[in-house]
Structure formats: C-alpha cells, structure tokens
Amino acid sequence: MEVETVKYPAIRNYVGGRFVENTTPVSLDVYSPLTGAVISTVPLSGPAALDAAVQAAQAAYPAWSATPIKERVQIFYRYKTLLERDMKALADLVREENGKTYDEARAEVEKAIELTEFACSMPQLIQGEFLEVSKGVEARVERKPLGVVASIAPFNFPNMVPHWTIPNALVLGNTMVLKPSEVVPLSAGKIAELLKEAGLPDGVLNIVHGDREIVEAICDHPAIQAVSFVGSTKIAKVVYIRATSNLKRCVALGGAKNHLMVLPDAHPDMTASNVAASMSGCAGQRCMAGSTMVGVGAVDDIVAKIVEEARKIVPGQNLGSVISKEAKARIEQHITEAEAAGAKVLLDGRNARVEGHEDGYYVGATVVDYVTPDMRIAQEEVFGPVLAIMRTNTLDEALAIENANPYGNAAAVFTSSGSSARYVMDHANAGMIGVNIGVPVPREPFSFGGWNESKFGACDITGKSSIEFWTQLKKTTTKWNPESRVNWMS
C-alpha cells in the first residue's frame, strides 16, 4: 500500500541550538486552512521536554547576560538582513499554515522586521542613570535581565507575534522558551534557524511545541521568571492567575470587541474602505479587527458604500481562509443566529467556496445591519470577516455601547470634526484609539496593549513599555573618599 506523504517533515522541538527528536508518543496533524490538507505533524510535548529547554536556557544565560548589549544587538542587525533575504519563504510559511493572503503574510514579516529594528535601538534606550547624590557618594541605576523567560504565541500571527517578544527579551539579556500555537508550528522553526545563522548562541532561544499541558508547565516551572501570553481572554485570565500565583511576572493579552463609531460627517469613501479592511483583514482573525460598527445618526449612504467595498473582498483572491473547519462553523453560526434574531444580512459570506480549494476553510466578507446590543454577535469576539452594525442617535449613545463591553483593546471614530474626534479620544474606554483609522495599531517605539479584559498585567508587550517587563533595576551606591564630610546622606 502506498504511504501518503505530507509536505513538511514532522515538527521538532528546538533545544540548545538544535532540533531534537520527538520523544512523546502523542502528536497532532497540522492542516493548511487554504486546502484542508494535512501538511505536517506537531508533537504534544510534556513537562520533561520543557525541563530540557529550560535547562538549555539556564546554561546559556550566564554568558549571554554578561555579553555587552552593544554586542548582543549586532546579532539582531544580522538577523534583520536575513529576514529581508528570506521574506518570500517566511511569508509562504505563514500563508500555508495560517491561511492569510500572500500580501498579508508578507506584511506580517515586514512588521517582524520593524520589531527587530526597534530591539536594535535598545542600547540608546537603557543607558541607565548616574548622579553624585552627596559629596563623594555616587548612585547608579542599571537595567538587568530577569533570567529565563517564556513566550506563548497564538495562531493568528505565527511570525509577527513571536517577534513581539523574542528580539526585545533577548537583546535585553534574557534567554527564552517559546511555545508556538500547535495549530501553526512551522514559522517558529524557521525563526530559530535564521537566528542561529545570525550568530545567536545555542540555548538563548528554545522552542517547545505542545498544547495546554505545556502552557500549564510553563506557568508552574520554578526557573521561569516571566511569562508573556497572547490568545483568548478566557485563557489569558487562566495564564495570568496561574503564572502570578507562582510569583512570576506575567503580561497576558486577550481578546477584543472593537467598535468603529461612524458619524454622518465622516468622509464616505475613506470610511468605507477603512471599515471594510478593518473587519476583513487577516480574515478578521486579529484582536484589532473592527468587528462592530456603530452608526451615529443618518449614515445609510456610508453603510451602502461599506457593502460596496466589502463585495470587492473575494475569498481565495484578496481574502484568506479562517484557521479551521470548526472556526468556519462557529463564525457562520454567529451570522445565522443574528439573522434569526432580527438583524438584516446585507452581504452574506456563508458557504463560501474557492475553486480548486473546495476543502479550504473560507468565510466570505459579511455585513450584518440592525444588530442590537443583546445579540451574541454584538457581545462575543467573532474572529472572522464579519461586520455587525448597530445604530444610535448620538455619539454618547455610541460611546455607551463601546464602554459597556468588557474588552478594551481598541476603538475608532470616523468623522470630519476635530471636536468629535477629541471627545472619543477622551471618553472611549480602550487602550488604543483610532481617528479615521480602522486598525489603530501603534508603530514602534509606541507600545501595543489594551485595557480591561483585553490585557492582564502591567506594562505592554512591545515598544518602550516592554523594557520594564523584561528587565529589573539594580541600584548601586558607591563611596571612595573617606576624607569627605559625612552628613545624613553619606
């Protein structure tokens, strides 16, 4: 009997600078959402595999943390050029394992390059402080790494989100264990290969694949000093509570329900293109997606233009797949329930099919109008290319809807009025605000992070704020001149 082969070799853990043979008897098939075909397998590692990775990270830590930061960043300068060199291969991996369009996958790698560039600026950002605090007495403050840290990444950005943590944490002198999503394990191995080629010492970055068992083991491991997590709010809460109960630092990013408030004076074409792109980019599978629009007053003409723009978003062309068959069914169920509850489906993306990829997991761009706040589609994160439109008479009513939701990642307003924009900036209960921008993601050096149930823990995961998370302060006071007059300060 002929044995069916898969496109990629079985995924392996990366420990101490090499890919190691899988010892666990349990593995999962890895599917490409584009076609529904199995493309690899991933091991569901246990605590012993994590122990091996942590030991490798511990062994590498003394030399790596003692390496001057000006030398550490040289590795990441070289790494940046390798990301640029292998742009297409990296984007192809993202596309195949996640289902993005090629342009979206390439943009993800381009963002990873920007994150790496920011890490290379660290020597200018952590110079420390020095002051003669009394005659002959000097005080110095320096930032020091924490030790072994861990990063738990989600499925929706298999290349970019690991770069939220890897460059900054490592440049600042930590060593790391990365746990990618078991659904998208391919990109992590390529990242490890390129970092090794750039000169990263063995053991500084280690990768352990698995599911819930590994996440729990990371939260419990006594040698891991800090944990970052990106995923759903439900799991983010669990990770934050478990990690901090074990006396670790933790920043855990959860889900979102971002509201795009559209006023009658908004520029129709700019608003329509931004709203359509916000709800459908990356198939809506991003925590910054504008999944809910709140129309304020007479905005029927803008809604019509949004539908017109959304019709141009075609599965298999400029709209990628969602991550799984289960995700497709869940997203379509949200649409069906809203319609049954009285909402009006203006554009229906259910039962989408792509010629040649009939087994792929596609949902077409969908616009649902006259949604009410009590509907499930208005309350839960759909995580698909679906826009739910609610209607209000005033901006205060729109803000009340936005602020009543438990999340706080992002909010945006579309208007030509500076005062209306300022009002939303001051009153929206979210960590990232957009004005005529549907996806208000800050660029480096500004940090990424929401409020409320979109983020648990102090500090943000990127930008300058991440420096606080990945380092601790060492304060030194010195005195060399015993002849100096002594007072209460010395």
Side-chain angles (χ1 to χ4, degrees), residues 7 28-40 42 93-105 108 154-158 181-186 211 231-235 255-258 276-292 307 310-341 343 345-368 371 375-388:
K7 184 171 184 178
L28 286 179
D29 288 337
V30 179
Y31 293 86
S32 172
L34 297 172
T35 63
V38 175
I39 55 174
S40 186
V42 61
L93 276 182
V94 169
R95 174 165 165 71
E96 185 135 46
E97 67 181 341
N98 175 268
K100 284 181 168 69
T101 67
Y102 178 77
D103 287 345
E104 289 170 340
E108 181 174 336
F155 75 81
N156 56 335
F157 288 92
S181 167
E182 64 274 23
V183 180
V184 290
L186 297 175
D211 57 7
S232 71
T233 287
K234 179 181 176 181
I235 306 303
K257 194 67 180 173
N258 307 317
S278 179
M279 70 90 165
S280 65
C282 301
Q285 298 178 127
R286 52 186 178 184
C287 63
M288 293 297 286
S291 61
T292 305
V307 174
R311 290 188 191 280
K312 302 174 185 176
I313 301 168
V314 180
Q317 297 180 21
N318 54 355
L319 178 63
S321 62
V322 297
I323 193 64
S324 67
K325 185 183 299 184
E326 294 75 16
K328 173 180 167 65
R330 177 184 52 77
I331 294 162
E332 293 183 345
Q333 182 62 28
H334 272 291
I335 302 166
T336 299
E337 285 185 11
E339 186 177 35
V345 179
L346 304 182
L347 181 63
D348 194 345
R350 289 171 289 186
N351 302 313
R353 294 288 184 272
V354 174
E355 186 175 352
H357 289 170
E358 285 81 7
D359 293 328
Y361 314 134
Y362 292 91
V363 179
T366 300
V367 180
V368 185
V371 169
M375 294 180 185
R376 196 162 70 98
I377 198 172
Q379 298 174 354
E380 298 182 8
E381 187 174 30
V382 177
F383 230 54
V386 179
L387 180 69

Output side-chain donor-acceptor pairs under 3.5 Å for residues 354-363, partner residues at least two apart or in another chain, one line each.
{"from": "E358", "atom 1": "OE1", "to": "G356", "atom 2": "N", "distance (Å)": "3.3"}
{"from": "E358", "atom 1": "OE2", "to": "G356", "atom 2": "N", "distance (Å)": "3.0"}
{"from": "Y362", "atom 1": "OH", "to": "L34", "atom 2": "O", "distance (Å)": "3.3"}

Salt bridge check: are R330 and E380 linked by an N-O gap of less than 4.0 Å?
no

Less than 4.5 Å apart, any side-chain heavy atom of V30 and any of P185?
yes

How about E337 and M375: do any of their side-chain heavy atoms sit closer than 4.5 Å?
no

Here the gap from T366 atom OG1 to L387 atom CG, rounded to the nearest 0.5 Å, amounts to 9.5 Å

Roughly how far, to the nearest 0.5 Å, is the CD1 atom of I335 from the CD1 atom of I377?
6.5 Å

pair S291-V382: side-chain heavy atoms closer than 4.5 Å
no

Does N98 reach the main-chain N or O of F155 with its side chain, forming a donor-acceptor pair under 3.5 Å?
yes

Please report the interatomic distance CD(Q317) to NZ(K312), rounded to the nearest 0.5 Å.
13.5 Å

Go through it in stages, so that I can follow the logic: the residues are Q379 and K257, the test is side chain to side chain contact (heavy atoms under 4.5 Å, CB included), and I'd like the CA-CA distance, side-chain angles, deciding distance and then a yes or no.
CA-CA 7 Å; Q379 298 174 354; K257 194 67 180 173; over 6 Å; no

Non-hydrogen side-chain atoms of E96 and I39 separated by less than 4.5 Å:
yes

Can you name the salt bridge (Lys or Arg N to Asp or Glu O under 4.0 Å) partners of E97, sequence neighbours left out?
none

Determine yes or no for a side-chain-to-main-chain donor-acceptor pair under 3.5 angstrom, with E104 supplying the side chain and G320 the backbone.
no

Are S324 and V183 packed together at the side-chain level, in the sense that at least one heavy-atom pair is separated by less than 4.5 angstrom?
no

How long is the straight-line distance from CZ of F383 back to CD1 of I331, given to the nearest 0.5 Å?
9.0 Å

Atom CZ of R311 and atom CG of L346: how far apart are they, to the nearest 0.5 Å?
8.5 Å

Quick one, E339 and V368 - any side-chain contact, counting heavy atoms below 4.5 Å?
no

I'd like to check the side-chain hydrogen bond (donor to acceptor under 3.5 Å, both in side chains) partners of E108; sequence neighbours left out, ordered by chain and number.
K100

Flag side-chain contact, heavy atom, 4.5 Å: R350 against V345
yes

What is the distance from atom OG of S280 to atom CZ of R286, rounded to the nearest 0.5 Å?
7.5 Å

